Amino acid sequence: MFDFLNGQPWYIISIVSVVGYMSIAYIIAIIPYMLFYKTFPMKFIHRKIQKKFTSNKVLKHEMSYSLSTLIIHSLAGVGVIYLQSKGYTQIYTSVSQYGTFYFVLSFPLMLIIHDTYFYWTHRFMHLKSIYPIVHKVHHVSVNPSPWAAYSGHPFEAIIAAGIFPILAFIMPCHPYALIVFVIYMLFMSVMGHAGFEFYPRSFATDWWGKWQTTATHHNLHHKYFFGNYGIYFNFWDKIMKTERENYLSEYQRTFEE
């Protein structure tokens, strides 16, 4: 998968990948948690979406379920690596095979595919018959912290991890593009659950930002349980009319308090 691992058995590549994934996921969550919740909580309070902080009970809940989620995602990655070693996926290792243009283009394609997958599986998990079994664990975090990004029932983790084999089977993927995708996915998930708004005041209404999700966008989903189902973009929410009507006013309110 990595250049320096070429020729290594799939299980060696798996071990390196799992350790790397778990380490990056932990680092991406621990940095904002330590900065905004432990070290400088009041310094950035003007950017806090819900002014109260997450209770210790909920934090423990988030952290415990985060571990199981990351383990399940890691196992999904191991499965993809094994299938790749058997020649069953479209993962390729030479950029020249599809060219530099496709290599660069594959990253936004992955985001669009994942955003679509996330939106519709997310709505599925909100069905009345499914929600109590699968998604309720995640929504214990009404006022989420960075750890809520990974907190979910094992069934939800399995559904979320489905994006890895889907990408590997439906489109040619270079390992480096996959690595960038995974890091971006983790970063955006943590940012969306951090409880603080990081973008500038004008972002939600400018030509580019109006199609992106923000921390406020997803925080409203946790506060009200419905609406704002996207992960990177909000065009599915706009098309399906599931974007909360108070999103823009709540986004602006964060900067005014």
Side-chain angles (χ1 to χ4, degrees), residues 1 17 20-21 24-25 27-29 32 69-70 72-74 76-77 80-81 84 89-92 95 97-125 138 146 148-150 152 156-194 197-200 203-221 227-240 242-243 247 251:
M1 178 169 271
S17 298
Y21 173 77
I24 291 170
I27 290 169
I28 288 176
T69 294
L70 293 177
I72 290 169
H73 285 195
S74 296
V80 170
I81 292 170
Q84 190 272 339
T89 74
Q90 293 200 61
I91 295 174
Y92 66 100
V95 173
Q97 186 174 346
Y98 290 93
T100 303
F101 178 77
Y102 176 79
F103 172 76
V104 174
L105 181 64
S106 65
F107 173 64
L109 284 176
M110 290 178 192
L111 295 185
I112 292 170
I113 293 169
H114 185 211
D115 190 75
T116 301
Y117 178 79
F118 185 93
Y119 177 87
W120 288 105
T121 56
H122 196 178
R123 288 198 66 177
F124 166 76
M125 289 187 289
H138 184 64
Y150 312 140
E156 178 170 353
I158 292 170
I159 292 172
I163 190 60
F164 302 132
I166 286 173
L167 289 175
F169 278 100
I170 71 171
M171 63 178 285
C173 301
H174 191 279
Y176 288 159
L178 282 170
I179 291 168
V180 173
F181 164 74
V182 169
I183 293 174
Y184 186 78
M185 175 190 71
L186 292 170
F187 176 81
M188 290 300 291
S189 296
V190 168
M191 190 185 77
H193 292 87
E197 186 51 69
F198 301 104
Y199 289 124
F203 183 82
T205 54
D206 68 26
W207 70 274
W208 175 247
K210 67 181 181 180
W211 297 104
Q212 313 295 308
T213 61
T214 63
T216 302
H217 192 273
H218 195 69
N219 193 278
L220 289 172
H221 174 77
N228 296 5
Y229 296 105
I231 181 173
Y232 309 120
F233 313 111
N234 57 18
F235 53 74
W236 277 114
D237 278 307
K238 292 182 183 297
I239 292 170
M240 302 307 298
T242 54
E243 187 165 69
Y247 165 51
Y251 185 89

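As the structure is a computational prediction, the values presented were derived from the model and not from experiment.
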Hydrogens and angles aside, do [X] and [Y] bring a side-chain donor and acceptor to less than 3.5 Å of each other?
{"X": "Asn234", "Y": "Thr213", "result": "no"}
{"X": "His193", "Y": "His138", "result": "yes"}
{"X": "Tyr98", "Y": "Ser106", "result": "no"}

Does atom CZ of Phe107 have more than 12 heavy-atom neighbours from other groups under 6.0 Å away?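 Counting neighbours around CZ of Phe107, more than 12 heavy atoms of other residues, nucleotides or ligands fall under 6.0 Å, so yes.
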
Applying side-chain contact (heavy atoms from CB on, under 4.5 Å) to Met240 and Trp120, what does each step give before you reach the verdict? CA-CA 11 Å; Met240 302 307 298; Trp120 288 105; 3.7 Å; yes

Inter-residue atom distance [X].[atom1] - [Y].[atom2], 0.5 Å rounding:
{"X": "Leu186", "Y": "Ile27", "atom1": "CG", "atom2": "CD1", "answer": "11.0 Å"}
{"X": "Tyr199", "Y": "Gln212", "atom1": "OH", "atom2": "CD", "answer": "6.5 Å"}
{"X": "Phe118", "Y": "Tyr232", "atom1": "CZ", "atom2": "OH", "answer": "8.5 Å"}
{"X": "His122", "Y": "Asp115", "atom1": "NE2", "atom2": "CG", "answer": "12.0 Å"}
{"X": "Ile179", "Y": "Ser17", "atom1": "CD1", "atom2": "OG", "answer": "7.0 Å"}
{"X": "His217", "Y": "Glu243", "atom1": "NE2", "atom2": "CD", "answer": "4.0 Å"}

With sequence neighbours excluded, what pairs up with Tyr21 under the ring pair (Phe, Tyr, Trp, His ring centres under 6.0 Å) test? none

With sequence neighbours excluded, tell me which residues meet ring pair (Phe, Tyr, Trp, His ring centres under 6.0 Å) with Phe198. Phe36

Considering non-hydrogen atoms only, spot the tightest contact between [X] and [Y] and give its length.
{"X": "Asp237", "Y": "Thr242", "answer": "OD1-OG1, 2.5 Å"}
{"X": "Pro146", "Y": "Val190", "answer": "CB-CG1, 3.9 Å"}
{"X": "Gly152", "Y": "Thr69", "answer": "O-OG1, 3.5 Å"}

Determine the interplanar angle of the Tyr102 and Tyr92 rings, folded into 0 to 90°, and report it as parallel if under 30°, tilted if 30 to 60°, perpendicular if over 60°. tilted

Check the angle between the aromatic planes of Tyr119 and Trp236 and answer parallel, tilted or perpendicular using the 30° and 60° thresholds.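 Plane angle under 30°, so parallel.
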
Taking the six-membered ring for Trp, are Tyr150 and His73 ring centroids under 6.0 Å apart?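 No.
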
Step by step, would you call Thr214 with Tyr247 a side-chain hydrogen bond (donor to acceptor under 3.5 Å, both in side chains)? CA-CA 10 Å; Thr214 63; Tyr247 165 51; 3.0 Å; yes

Criterion side-chain contact (heavy atoms from CB on, under 4.5 Å) on Met110 and Tyr184, from CA distance to verdict: CA-CA 11 Å; Met110 290 178 192; Tyr184 186 78; over 6 Å; no

Just list the side-chain donor-acceptor pairs under 3.5 Å for residues 163-171, sequence neighbours left out, or say none.
none

Let me see the working for Leu178 and Val80 under side-chain contact (heavy atoms from CB on, under 4.5 Å), right down to the final yes or no. CA-CA 12 Å; Leu178 282 170; Val80 170; 5.9 Å; no

List the steps and the verdict of side-chain contact (heavy atoms from CB on, under 4.5 Å) for Ile159 and Tyr117. CA-CA 10 Å; Ile159 292 172; Tyr117 178 79; 4.0 Å; yes

